Amino acid sequence: MQYNHLDIEKKWQKFWAENQTFKASNQSDKPKYYVLDMFPYPSGAGLHVGHPLGYIASDIYARYKRHKGFNVLHPQGYDSFGLPAEQYAIQTGQHPAKTTEENVATYRKQLDNIGFSFDWSREVRTSDPEYYKWTQWIFIQLFNSWYNKESDKAEDISSLEKIFKKDGNATVNAVCDEETQYFSADDWKAFSSTEKEEILLQYRLTFLSDTEVNWCPALGTVLANDEIVNGVSERGSHPVIRKKMTQWSMRISAYAQRLLDGLETIDWPQPLKDSQTNWIGRSQGAMVTFKVDSGAIKSNSEIKLSYKELEALKELRQNLSKAEITLWDELKNKKGATKFRKKYTIGTFLVDYVCVSKNLIVEFSGKEDEAARTEFFESKGFNIIRFTNEEVLQNVVKVVSEINFAIQFPKVTEKKSEEKVVVKDYNQYKIDVFTTRPDTIYGVSFMTLAPEHELVAKITTDAQKAEVEAYITATSKRSERDRMADVKTISGAFTGAFAIHPFSGEKIQIWIGDYVLANYGTGAVMAVPCGDQRDYDFAKHFNIPIPNIFEGVDISEEAHTGKEGTIIANSDFLSGLKYKKALKLAIFEMEKRGFGYGKINYRLRDAVFSRQRYWGEPFPVYYKDGMPQMIDAEHLPIVLPEVEKYLPTEDGKPPLGNATEWAWDTRNKKVVSNDKLKNKTVYPLELNTMPGWAGSSWYFNRYMDPTNSEAFASKENLEYWREVDLYIGGSEHATGHLLYARFWQKFLFDKGIVPVDEFAKKLINQGMILGTSAFVYKATAFVKNGCGCSDEKSMDDVLEKIPTVFVSKNLFSSDDEFETVVKNYLLDNKFLDPNFADLVMITKTAIHADVALVNASDELDVDGFKNHPLNGDYKNAEFILEEKAYKVGREVEKMSKSKYNVVNPDDIVENYGADSLRLFEMFLGPLEQAKPWKTSGISGVSSFLKKLWKLYFNDDNFEVSDAEPTKDELKTLHKTIKKVEDDIENFSFNTSVSTFMIAVNELTALKCNKRAILEPLAILVSPYAPHIAEELWSLLGHKESISTANFPVFEASHLVESAKNYPISFNGKMRFTLELPLDLSKEEIEKIVMENEKTIAQLEGKTPKKVIVVPGKIINIVG
RNA sequence: GCUCAAGUGGCGGAAUUGGUAGACGCGCUGGAUUCAAAAUCCAGUUCUUUCGAGAGUGUGGGUUCGAUUCCCACCUUGAGUACCA
């Protein structure tokens, strides 16, 4: 019987589907094992041979684990929301759901062809409302949570409200927006519900905010940082600009440290961990505040307090003086428009009490900067009344009545035009900088602000104004890309202002420069030219002093950036200290003196979560009085509405703005027509949709319980499957999917929803399969310029006669040679008149030829090429052959349609079988490595399968013997068991394929047909080539699927040898081998070897200096 | 620039703890079979060679009896990231 892959493979694929062979049970006596692939986005192009590589590897592992007695979960699904389906919808008007459905069907067919052991009963699709219902649910959970730094986890928002009610926000240690104002418990109670909502939004883990986003005009949507590559969009390479928009964001920054720490606990590839570590970008250093020292500064807006000052405020609020308490007792009961707040910040000033609605400030007198305060407050339109401590303590009633009077009869103070107000130097401007090198603070000789820094306009002196403004205009005109491309040019401008060095008190210049980025750190740096190359270059360029603070280091040519072993000099109390000590001491002193503190900074930004797209999850959100409201979980899913067009609306709203049924009826709890928005109980729904990574950030949990309609997965199932044991997918998701998924998992863990905080124990990145493109070399003829020929028309005729010519690859090695070959051919075949030969020039063009037209010897199917639909122009082309064949050139490139090097797995399955495809993909090379595909190589594994098949047959009859196997046969079997088992455990699938080949070659040579050998062999092969293994297994008389069989057990006793073929080396070089019994002692071996005639010949009479004998390994004779 | 990974025949790659470099497969060469081809089978295939042997894992050095493997410097390629203070 011939091995017929077509029949066998169809038969067993049908068997597996009908018997649900790979359906995983949610409980079992066996240990559990969860093998997961990154689910595919079902694109219209279908799969090429590169896609299934990871799936084949994971399938082999899953099948192996079943043989090893595990209850294996091996699911598959589709990441079916996404841009291409939407772009296609825009072009064709087809609903993305429809094209997605079609693409999924194609994918499923292609996957089924390869014989994967997926449990399809658990399939998920992110675009299925029953699935995204739970994506929406998780969004609500995030909205209802805040990050408590004290407990270092996410907590329910109600616990935060409780604290606000009791103590205000002074005691809260949370991850929140930077510009959060302080308020007391009483303030909280007095806030309107809208105000409360606004404040809570600053703490929620998903929040709405005006953020600078990456807007891609061509795609009409915002993009996340990981969706931008080299300043242009990852998809389509469109330019991206910065734009302020109101967007949902995810407070992933709250998890920065835990995302970093978690990497230590998971077995993921180091490069991937490195790239996440870089992306999170933790840097340890200090926050330092520099005061601005300026002759004339303009004030035109409120100044925010620094973090440290806000910290100090907390203390102040809690430690009120007796007089303060007495007066507050009187004022705090005022309600409504006359409500007072205590210790409130206005500008950089802290006022004792203020009634904001009446513009009245009440203060204790005797503050040192009273005059400045009065001038500033009045400029802001406030009235100020002041009392002394004594006045309050002696007659608080009188004081209160004066306050009441001031409320009722306010002094008319005109709010002065802000531009005109010139406030003299009150040291109110401060520049916060972040530095990783506080030890070099005495090396600071200037400061640089980003051109966009908010202080720039305020501190620039009149003299420098024109220059600074010109510089800002110039930089803002440059695109992000230009700025990135041109990092060499040094540019900047002096503001004219000076800062005060916090330690030395010296005046230092403040510059602006575009090498400082507005969106990293504080957008300002303290420049230490001697210790940072960019600062150094900047200082050199603008002739700023470069003080040297390193002992014994030459900085005349470049900055000294090394840390280890560096000793600090010229730095007051830091002089003479080593880098590490100086760093610690500098931070200690800053904290003591109150102008700096140790801080850890992260590069990781909060993730923008809104997309102006149609084909994504709708938010479960409606807007009431401009504030977002969550729809109760019980009403989910909020299903994507139908729209007429998938483009943004004419007034620039996202595509959902086209929907006519997109309003939330809060009374009837359902989505209703927009006509009903006039109703008081009907509100508009969110028009943005969620980004692609929303659905993929938790799908691995859904597989555990995919049809549950009560919960996103049941507690029992989550507890049973816990986490993914093996996850296989591409490394391109390092800073996208794999980071977001870890973030959500940690959040869900905090909330007690999932039992583990890392979703995948082990991860492997499969390498890309590249295409091997084929090139043909086309000759183009044209007439030399300026030939001086009289008759152009006749030259046209000459060219007319010359056909398109292709030259076989090895006929030329240079362009000149190419020209000669072509000309000779044209002359020989009378395509060219010898009289014109010198006037014609020939150039070479390499053209991609379809790889399907090229055989294993790189020979082109010339007729096939001429008749190929893509090569219509070459029907009458001439081919210059070598040895009767046209040889193509080869080059390894990424697989892509335009290079005609894409190989479809369906064709391979058709011609060679799924088992061959699986074996070959594994045989190409190590799983993690990128490697080129060359279809010709498949004949090796294909003939291996035929040889394997033959072992079980005697001519056409299936025939195995029950006789005892020989020692050699057992040795081959057990050697193979050991190697294959080790290889699978180490994911070294390529080497086990060669092990199978060796085993089959050996057993063929031994003419082995023993059941005791061939039965275990079928099991060994079955994870790799499951169809042929099932067929052989059933021929061997088994009724159950081979997947239920136990993996053969290795017995070392079969490999025990009595003799060893020793390599005999001279000075480490192997010269010959010698067969010796293994039970000899070192001395005996040495004696035999030294007496051997070959040894004597090698030594040429010399006496060896030393003889190394390692029994069982090697003998080395040192001469 | 920085970080990481990798450099082995004509090609994909093997050598898992330092111990016979090039397993296995493709391709190539020769042979058998065939009217012929495909398929199949057999033999050979790192380079040099005076046929004795010698050299050889990107380059140069080091450790070692012995290095593809460990250490140092450099070169090349690929990936990621990029004025990150």
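This one's a predicted model, so the numbers in the text were calculated from it and none came from an experiment.
- Under the 30°/60° scheme for interplanar angles, the aromatic rings of A:Phe996 and A:Tyr1024 are found to stand perpendicular.
- Taking the nucleotide of RNA chain B with the nearest heavy atom to each of A:Thr436 and A:Thr1073, the more 5' of the two is matched to A:Thr1073.
- As rounded to the nearest Å, B:rC47 and B:rU33 have P atoms that lie 30 Å from one another.
- Judged purely by atom type and a 3.5 angstrom limit, A:Thr522 uses its side chain to pair as donor or acceptor with the backbone of A:Asp432.
- Of the C1' atoms belonging to B:rA38 and B:rA55, the separation is 42 Å, rounded to the nearest Å.
- In this entry the distance linking OH of A:Tyr536 with P of B:rA85 reads 21 Å, nearest Å.
- Put simply, CZ on A:Phe996 is 14 Å from P on B:rG25, counting in whole angstrom units.
- With hydrogens and angles disregarded, a donor-acceptor distance shorter than 3.5 Å links the side chain of A:Asn901 to the backbone of A:Ser896.
- Between the P atom of B:rA85 and the CE atom of A:Met447 lies a distance of 16 Å, rounded to the nearest Å.
- Closest contact between the side chain of A:Arg603 and the listed nucleotides B:rC65, B:rG25, B:rC84 involves B:rC84.
- Look at CD on A:Gln284: it is 15 Å from C1' on B:rC84, rounded to the nearest Å.
- Spacing between B:rC72 and B:rA67 at atom C1', rounded to whole Å, works out to 15 Å.
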Exercise for the section: Step by step, work out the side-chain contact (heavy atoms from CB on, under 4.5 Å) result for A:Ile1064 and A:Ile1117. Expected result: CA-CA 8 Å; A:Ile1064 314 296; A:Ile1117 298 162; 4.0 Å; yes

Problem - Per-nucleotide protein contact string for nucleotides 2-17 of chain B, where B marks a base within reach and S marks sugar-phosphate only (heavy atoms under 4.0 Å, - for neither) - result: --S-------BSS-B-

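- Atom pair A:His733:NE2 and B:rG80:P shows a separation of 13 Å (rounding to whole Å applied).
- Between the side chains of A:Ser916 and A:His5, not a single donor N or O lies within less than 3.5 Å of an accepting N or O.
- In terms of heavy atoms, A:Leu263 sits closest to A:Arg742 at CD2-NH1, 3.3 Å.
- Following rounding to the nearest Å, A:Gln276 (CD) and B:rA79 (P) show an atom-to-atom distance of 20 Å.
- Aromatic ring orientation, A:Phe542 versus A:Phe538: tilted (interplanar angle from 30° to 60°).
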Handout entry: B/S/- contact track for nucleotides 45-63 of chain B, protein heavy atom under 4.0 Å
Key = ---------SSS-------

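- Between A:Trp949 and A:Tyr3, the ring planes lie tilted relative to each other; the angle falls in the 30° to 60° range.
- The closest side-chain donor-acceptor pair between A:Ser283 and A:Asn601, if any, does not fall under 3.5 angstrom.
- Between the C1' atom of B:rG78 and the CD atom of A:Glu732 lies a distance of 16 Å, rounded to the nearest Å.
- Separating the NZ atom of A:Lys946 from the P atom of B:rA38 is a distance of 14 Å, rounded to the nearest angstrom.
- Between A:Val941 and A:Met526, the residue anchored nearer the 5' end of RNA chain B, judged by the nucleotide with its closest heavy atom, is A:Val941.
- Stem list for RNA chain B (at least 3 consecutive Watson-Crick or G-U pairs, distances under 3.5 Å): B:1-7 with B:75-81, B:10-12 with B:24-26, B:27-32 with B:40-45, B:46-48 with B:53-55, B:58-62 with B:70-74.
- Using a 30° and 60° split on the angle between ring planes, A:His501 and A:Phe290 fall in the perpendicular class, above 60°.
- Side chains of A:Ser253 and A:Tyr602: a donor-acceptor N/O pair is absent below 3.5 angstrom, by distance only.
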